[in-house]
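Structure, as structure tokens:
Here is how names work: the chains are called A, B, and so on, in the same order as the sequence lines, proteins then strands, and each is numbered from 1. Note that the coordinates shown come from a computational prediction; the quantities given were computed from them, not determined experimentally.
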Amino acid sequence: MKFSYFPGCSLKGTGRAYEESLLAVCRALGVEVQELDDWNCCGATAYMAVSEAAGYMMNTRNLALAERDSHELLAPCNACYLSLKKTQHYIAEYPSVAAQATGALAAEKLSYTGKVKVRHPLDVLVNDVGLPAIKKAVKQPLKGFKVAPYYGCQIVRPFAEFDDQQNPVLMDKLFQALGAEVVRYPLKTRCCGGSLTGTIGEVGQRLSFILLNEAQRRGATCVATVCPLCQFNLDSYQAEMSRQWSPVRMPVVYFTQLLGLALGLDEKALGLQRCIVPLPAQEVHA
Amino acid sequence: MKQPTNGEARIGFYVCHCGTNIAGVVNVAAVAQYAAQLPGVVVSRDYKYMCSDPGQELIQTDIKEHQLNRVVVASCSPLLHEHTFRTACEKGGLNPFCFQMVNIREHDSWVHEPGDAATEKAKALVRAAVKRVALHTPLEVKRTRIHPDVLVVGGGIAGIQAALTIANGGQNVYLVEREPTIGGHMAKFDKTFPTLDCAACILTPKMSAVASHPNIKLWTYSEVVKVDGFVGNYKVQVRRKPRYVNEELCVGCAKCVDACVYKEEKFEDEFNEGLAKRKPVYLPFPQATPPVVVFDPDACIQLKTGKCKKSCLEACDRNAIIFDQKPETKEIEVGTIILATGFRTFDAARLPQYGFGTLPNVYTSLQIERMVNASGPTDGHIMLKDGRTPKAVGIIHCIGSRDNRTNRWCSRVCCMYSMKLAHLIKQHTGAEVFNFYIDIRAPGKGYEEFYEKLQEEGVHFIRGRVAEVADWPLTKEEEGKLIIRVEDTLAGFVRRIPVDMVVLATGLEPQPDAQDVRRLFNISCSTEGWFLERHPKLAPVSTFTDGIFIAGCCQGPKDIPDTVAQAGAAAGEALSLINAGFIELEPNTSYVIADDCSGCKTCIPLCPYNAISRDEEKKKAVINEAICKGCGVCVAACPSGSIVQNLFTDQEIFSEIEAVLG
Amino acid sequence: MMPLTPTLKFDAERDPSFPKQIMARPGGEKLFGCIQCGTCSATCPVSIYMDYTPRQIMALTRAGFKDEVLRSRTIWLCASCYACTVDCPKEIKITDIMYALKRRAIQDGVYPKRFPIPVLAREFFKMVRRRGRVTESELVVRLMLQTNWLGMVKMWRQGLNLIRTGRFSLKPERMRHAEALRPIFAGGEPHLATRTPRHPWEAES
Amino acid sequence: MESKSNNGWQPKIVAFFCNWCTYTAADLAGVSRMKYAPNIRIIRLMCSGRLDPQFVMAAFAKGADGVLIGGCHPGDCHYVEGNYKTLRRMTLLKRMLKDLGIEEDRCRLEWISASEGDKVKWVVNDMTEKLRALGPLDLPGKHRQWDEEMRELEAEIKRTEQTATTVV
């Protein structure tokens, strides 16, 4: 099983623990990944607001790079995943987008046919590697963990390709397979605030706070995410939130970190030391 | 005027303006001018409305004055007005089949932009009709006898009403119902809007009238499995499922139910929408018609394993229980059929954001109908799962309606039944009731007045489609409540409204097997899956298959008054056919030119009606024109070209092909 | 005394071509199908901070009240979570319409210049133009400097946390050959018929 | 629409629609005021099963650029199964047309039910576009050309025969 890998800017920055844990888990489960050569930023939500054309062209370049490698393209960040998917959908749906989006490939002798498939690691790990194989590889079941599975918005919206749009369940199934308890978490696809936490702190942080507070109310011992921005927003403002609204302290980890723990991988290799609110030691060694 | 050519044909040509419907796009004067110089045309006119009386008289006068022997009218679809103009020809003294119609409205002016292309198309179609009509020959209309018995499929209020109307008119009716009892959805309702009369009080007398009517043969727990024949002469097979009870003997005393080895009621009670349980043997509800118990083969130990001590058998003093009852197939002959197969309600679990099935105290409207009913599972008490009485209730409209992701259509009844439920809930509990609506649709008699009454009662109406029923509180007051997140669009902001109970006003959808049923009866469905009427305004209960009528919600969502009215209309249509005694058939049947037939038998297996046989003596094929339905399959297949279809002869079609191309 | 401002709208204040321009963008097609049910507003996590709810933006756009729409806070607050787009019963791609409105506001130069959200978009745009990738920490610092430098002082604790966990880095993340993106920012290759016009923010970088 | 190509040439489509499904669907398209290309001329048959392959050949021979046949969906035929017979005939016909060098897109069979007005619109527009791309079939023109060639050949043979007789 081999994939082209598009880390995106966050996995090289604030979300590096996601990359560390993802690569470690992939290695452990026999999924080979190869980073896309000299990839560019996906444009996230900012580019669509500034220049539609440039946004589509940037994504098409990454897609074309993947087509050159002729593997499926792994995109772990929700924003990257959505940008790539949206570009593919709109190229297929709107001739005007197709003309625009492929308009800057010639200089690098690239081409885009639409055949490359963009995949999220959650989809690949649960559906391709499969829960039976993962179960078999578990060394330390996640006993005592009560996980609130948080999917964020852009992984199933608007293109619900591998999970339900209103009520995704893949992560729930994964953690149950790893021996953890999963709390019913109705906010699992509600927005974390995205870049609003940085721009208009009060608005963005309130959204994140609601998510954490509800996880805490439901007795979760940690929140698991699939997106670097969600993890950042939920993990790094808890002191401010506690000051402003009510006390909240909730470890927020990547789903790959929990998977890594269950596979018996080293905490450091999984980047767990990068959590601002650390996962309690007793849990880790339960 | 030129002298007629093309044999003896003297053709009158008329192009209709249809107001501006045609004339606004097609240059009708140019078409008339063009037609005037076509071979055989002796009169060519354009006129504002050809279907009007003066328009028809124009044809009649011209036939006499100009000795016309052929007529062509270019106007709307022949499916709409062919009959009108044929009759006009007949009144003018011309055989009605020496007529041809050109569709330049539905197939031209309504689908193309104004201009030369549309006019050229009209000319081409006219050219073809003129050329073709010259080949037409006078034909005779055939008649077929109508069998006076009627089949009504579906025993809800629509089927009941239709069956009673026909039976009261003196004709025999077979009423076939799939469930163990008639009554349909209406039997589950507590009150009816806007009058608030008790549903059972108005329905049950009709149900017993059905059961006791000498002209009605009632078959419940039965399904139509095969339909052959055509208008006037349908042969229908009905499969009677075993209910393991002799219907003639059982009186519905329910002693067997009491005696059942299951002391507890354990199985989901369909009639009470899952809010109650029943035993393996049960009477669906007290007024079930016929009053005969039914055994659930998936629950009864005897039927499942054959190893029960069968205490029910002993309890039955009439020896009505038959464990080895087999399904039975009945064959009947009827002349007309009325389909009243109803609807199903939208499955609220398809919209997980409203919490049906995951959050306690989220109910469907039909569940509340049962709950509020005095003989229902809670004896008429509206209560939460824990037995408390709700203090605040939210009713969410348009669940599975007006939503492109589920069902696009408005279900027409939800606004009104939601208001009815709001009234009943408030009356029974005194709770605050909130209605969340997109638009209030109250267009029936007395409906707007009912809305007004509800507003005066203090029921809240919030204009906004609910985004979510949540169980994550943001304030203390919200804890333990269901929180409805909605934009109050009239106030212009988003609100969170905590309630104890949520009622989902689920919409109406076609029955899951509507497609199978329509195939069985050879009728059509609209894109949404409702049975398609012949014309939305002028033939609302007819279908494209003669002798088959539709009534009630199988044709589209409607309330009880409209359903009953439609059922009466369908019964009237059936009675009208029966009263006439016969039906006129289009003479488009086929016949064999015996001299040309080689007797190869190619045609015989092709005929779907077995109308073709072989005269063994003469070694020729013979078509029974009384059976032939005029599809023309045999004509196209005949290798020697010896079969001719009236109105669609090879020459007629070839001339059309040649002429449309120039 | 309370100042009184009349809200009467004259028809001349509308731009009837505006809705058509928005609908011409991919995703805008179904705008006229809006039934004003408010699902978008109710499902939106940030609508509570908006000056017009998303539903009102649809109504204003459809009616051609360009100024009200383009100068609204609403379009900038949209966090692109797509909840409205997947919940809309009439399948209107509201997120795409919000994007189209943002772009139009930038083009027309009527966006709030000191409002942090467009400032972030501008800094993001410029950084990618230069290096092909984004360095998040640097982006935040630049944003703060331009909109709320005092806020940066308050954020010291968070900055420290990020440094401690090795997540804060001012070392620019960049492509090896960022010049590969030049055709993109030139609006596509020179021979293209669909080349996009130069962006007002290009001059700034 | 690009009507400028081929000196304003417009493809001509002859359509055979069954009375119960496709003809009714075309009526519905009209009632719904759907706009489609005016290149189609509809001939009504009671059932698509009435379609004699010769009708298709005649249409091409008289100058049609395309022939469209519309019937009820399989399983929905008003006459039980006439449309299956059409399908069977079409398979043979298509092979024959191919041998004659008539492109596949020129003869098309579509199942369109009474409720599918939008499908009529789509099919007509799609077919018109495809025929436009294919260009004129002009079978009558080709016939004239073949006749011309045949005459030349005959003349040639006659000449040769004459020469031959002179030699002998």
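Taking the six-membered ring for Trp and thresholds of 30 and 60 degrees, Phe162(A) and Tyr81(A) have ring planes more than 60 degrees apart, a perpendicular arrangement. Using the six-membered ring where Trp is involved, Tyr254(A) and Tyr18(A) have ring planes that are parallel, under 30° apart on the 30 and 60° scheme.
For the pair Lys86(A) and Tyr90(A), the distance from NZ or CZ to the six-membered ring centre is under 6.0 Å and the angle to the ring normal is within 45 degrees. With Trp472(B) as the aromatic partner, Arg496(B) meets the cation-pi criteria of under 6.0 angstrom to the ring centre and within 45 degrees of the ring axis.
Of all residues spanning residues 116-130 of chain A, none has a heavy atom less than 4.5 Å away from chain B's heavy atoms. Residues of residues 394-418 of chain B placed with any heavy atom under 4.5 Å of a heavy atom in chain A are absent; none qualify.
Between Asp163(A) and Lys173(A) there is no salt bridge, since none of the side-chain N atoms of the basic residue sits less than 4.0 Å from a carboxylate O of the acidic one. Salt bridge present: Glu270(B) and Arg278(B) bring a charged side-chain N and a carboxylate O closer than 4.0 Å. A salt bridge does not link Asp108(B) to Lys121(B): none of the charged nitrogens lies less than 4.0 Å from a carboxylate oxygen.
Within the 4.5 angstrom heavy-atom criterion, only side-chain atoms of Leu474(B), from C-beta onward, approach chain A.
Take His460(B) and apply the ring-ring contact (aromatic ring centres under 6.0 Å, His included) test, not counting sequence neighbours, and it matches Phe434(B). Partners of Phe255(A) by ring-ring contact (aromatic ring centres under 6.0 Å, His included), not counting sequence neighbours: none found.
Side chains of Thr489(B) and Glu487(B): a donor-acceptor N/O pair is absent below 3.5 angstrom, by distance only.
Per-residue heavy-atom pair counts under 4.5 Å with chain A were compared for Pro352(B), Gly355(B), Pro473(B), and the maximum is reached by Pro473(B).
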